[in-house]
Amino acid sequence: MANEVVGVDLVLKIDKFREELEKATAAGDKNAKALVASFSRELKKMEKDARDAASDAKELAKASKEAGESFGKAGQSASKLAGILELVGGADAARTLADIADVGEVAAESAGALGLSMGGMLALLGPVAAAVGIAAVAIGGWREHTEQAEQRAHDYAVALGEIERGMGDIKDALDELAVREGVLSGALGLEDAEFLRSQTAAEKTFAEERGKVIDELQKQQDRMAALRALSEKGDSGIGGMFSNILSGNTVEALSSETDTVGHHIKDLQSKLHDLDQEQGQYADRLTDVTTGERKQKEAVQDSAKATRDAAEAERKRVAALQALNDQLHDEEAAGKAQRATYDAAIAKLGDLAEADRQKMGTASERLAKEHEAALQDIEDLQRVALAASETATGRENAEAEALDAMKAENTRYAADVKKIHDDLYAGLVQKAQQAAAAQVAAQQAAWGSVSDEADAALSSVVSFFGEESAAGKAAAAAQILLGEIELLAKAASLGPAAPLYIAAGEVPLALAAAKLAGFGDTPGPIAVPEQGAAYTFAPRDIVVAGRTPEAVQRQVEGLGGGGGEPARTEVALRVGGRTSERIVVQAARARRGMGRRTPAGRKRRTS
Amino acid sequence: MTRYTRSDVTVILDGGLEDLVRRALDAVEGGEVVRRLEAEAEAVAEEARGFWYRQVDKETGLSGDIQVVTTVSDTEVRVGIGSTDRRTAGKTGKPLPVMVHRPTARSLKRVEVTRADYFKAPERLRHFEDGKFYLDSPNPLASDGKYLLQELVRKPAKVKLQALAPELARLLAQKMGRS
């Protein structure tokens with residue numbers, strides 16, 4: 001059958017167990033019957049032998065208290081199951097513990113446990129013989145176990161030898177470490193000292209532990225020797241028991257002795273078991289000690305290696321520093337040599353400089369003299385230039401005086417010219433005035449006749465309307481003015497004038513510059529008579545009219561009173577919606593017809 | 001799980017059907033013996049399961065799956081205790097659980113450290129991988145290097161069986177009418 005799991009199989013072979021059980025039972029019955037016949041003959045002998053065997057068994061039991069279990073309880077049980085149980089380790093590693101005697105023991109225990117009657121004593125002969133066989137097997141196992149224990153003790157001794165050698169290595173490593181510490185005492189002294197103390201303590205601990213284990217092993221070997229001696233006695237006892245059985249001693253005695261031997265064997269097995277466990281504990285302790293020492297040794301080796309590495313690094317660093325120091329020495333020597341070279345060069349340069357200074361002194365002296373001579377030349381030149389400058393200044397002064405004289409002459413000349421001009425202008429003006437006066441006189445003569453006619457007409461109007469009526473005054477004035485204009489137009493051959501309307505009240509007190517002979521200025525304000533008056537003004541005359549003296553004064557002050565040529569001022573009249581310009585034009589036309597000058601800005605038409 | 005074999009036929013049972021057959025087995029010989037064997041085997045398996053992954057670094061859950069399988073036939077009762085991992089180890093063809101062992105006493109484990117600690121350590125312990133610094137440090141699970149299957153399953157199973165053998169023999173004898 002294939003295994004479902006990878007591990008171990010606990011196999012209970014039922015068929016084999018059944019077969020062996022039947023076989024053991026049959027053998028037991030047969031042996032019992034055979035022995036019954038001989039029991040009567042050999043009973044006494046068996047009793048004696050049984051007593052001897054009991055005595056030996058006691059010794060054996062006493063000795064077994066000192067021993068451990070060979071099979072132990074497990075071994076006992078396994079032996080009982082021999083032939084029916086097998087331990088299978090893995091797929092193929094089966095180990096069968098089959099043993100006929102064990103099967104008989106199992107059967108006996110089974111029968112006992114089930115309350116098998118002791119009445120069939122013969123049936124017990126088989127199990128009794130099997131029990132004796134168990135004792136032999138157990139002692140044989142114990143011997144084997146003793147040999148194994150001795151072998152393990154030998155192995156432990158070998159392991160201890162290795163430990164000793166390991167400790168020797170540790171000691172060597174510590175010695176080397178101490179040497180290293182001496183070399184590097186300056187850098188690692190404190191840490192290494194601490195480390196060495198810890199190593200010494202650990203070594204002492206291991207030595208003590210090892211001593212204990214060795215002592216325990218020695219004691220165990222002693223006990224093994226005692227047990228071996230007792231086992232030999234056990235063999236002789238067992239031989240006696242067999243003899244008793246064969247000689248036919250009583251079943252009770254045999255059974256009692258067998259039980260005694262069984263108990264002793266169990267005690268022996270128990271002791272052996274304890275011894276085995278104790279050996280296991282010692283083995284564990286030895287393993288721990290070995291492991292601890294190995295780890296400690298590794299730690300020491302690691303530390304030693306670290307120390308060696310540190311020493312090597314320190315040695316390399318010292319070597320590097322030494323090399324650097326040598327290099328610095330070399331550089332210092334080279335620097336000194338270079339410094340000497342520089343000093344020599346500096347001294348040489350000093351000599352050269354001194355020579356240059358001497359040369360420069362001579363050259364400087366010469367240059368100073370040359371400089372002084374040059375300065376003297378410059379001063380001479382300056383003096384010459386100053387003299388020339390002074391000469392030029394005198395010349396300029398003379399020229400200035402001549403210029404002033406010329407200016408005065410020019411001034412005089414200009415005054416003379418102006419006088420001539422003024423005189424000429426005055427003559428011209430006088431001539432013009434004379435011509436104008438002559439023309440005015442002629443015109444005045446003509447105007448006088450016209451004025452007389454107008455006065456007559458006005459008088460007639462006034463007389464018609466009466467002087468009391470304002471309307472009549474206005475009408476009279478208008479009539480007068482109209483008549484004058486008519487007369488002017490007539491005189492100028494300009495045809496009848498356009499009707500002229502003057503609002504009443506605007507011209508009752510016309511104040512105008514009186515027409516004087518020769519167009520001279522009025523001697524003062526002229527009061528227009530009640531009937532009104534008509535005047536002719538000369539060119540550029542200033543005419544002021546007002547009903548009150550204040551109005552006249554205000555107008556006069558508004559003229560500005562400035563000097564120079566008087567501005568042309570015309571009387572603003574509003575006649576039938578036409579502007580004064582129109583009136584002036586008409587007046588100009590009238591004057592042109594009377595041979596007067598044309599207004600400014602107009603060219604006289606010549607044909 | 002229980003396997004029942006007779007001649008060339010093998011039946012694997014578990015759950016309610018297994019209980020039914022077990023009761024039938026108890027009625028005849030061997031039922032109590034099988035139960036005792038299984039109880040001891042299960043104790044061993046449970047303890048092995050609990051300690052398996054406490055003693056190794058890697059845990060896949062495969063090798064440490066310790067189970068008990070019982071096979072009953074006319075001639076024998078076989079109670080198997082072991083790992084259900086069916087993998088084999090390389091060219092040897094041996095079951096992989098057999099090869100699983102505890103770390104040895106000098107086992108090392110790679111641990112990530114800082115750059116400063118890295119350069120403080122001896123060069124032989126250093127490892128630089130993927131831009132990280134590692135050092136070989138003592139494995140906290142360092143032990144004796146023994147195989148787990150041997151230590152946790154086989155040895156305890158043998159001890160249990162040896163202790164149980166007399167009682168099993170008596171039970172079998174009772175069932176076979178030796179009383």
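In what follows, every chain begins at residue 1, and chains take the letters A, B, ... in the order their sequences are listed. Predicted, not measured: the structure shown is a model, and the values here were computed from it.
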[atom1] ([X]) with more than 12 external heavy atoms under 6.0 Å:
X	atom1	result
B:E129	CD	yes
B:E59	CD	yes
B:E46	CD	no

Honestly, the part of B:V69 sitting under 4.5 Å from a heavy atom of chain A is side chain
So, the part of B:D85 with a heavy atom under 4.5 Å from chain A: the answer is backbone
Within the 4.5 Å heavy-atom criterion, are [X] and [Y] side-chain neighbours or not?
X	Y	answer
A:K295	B:R106	no
B:K160	A:L10	no
B:L149	A:V6	yes
B:I81	A:V5	no

Comparing B:L96, B:D144, B:V68, B:T75 against chain A, the one with the most heavy-atom pairs below 4.5 Å turns out to be B:T75
Carboxylate-amine/guanidinium proximity below 4.0 Å for A:D302 and B:R124 = yes
- Task: May I ask you to decide whether B:E76 forms a salt bridge with A:K16, counting only side-chain N to carboxylate O separations under 4.0 Å?
- Result: no
On a heavy-atom basis, the closest approach of A:R294 and B:A105 is NH2-CB, 2.7 Å
Any sub-3.5 Å donor-acceptor pair from B:R78's side-chain atoms to A:D9's backbone N or O? no
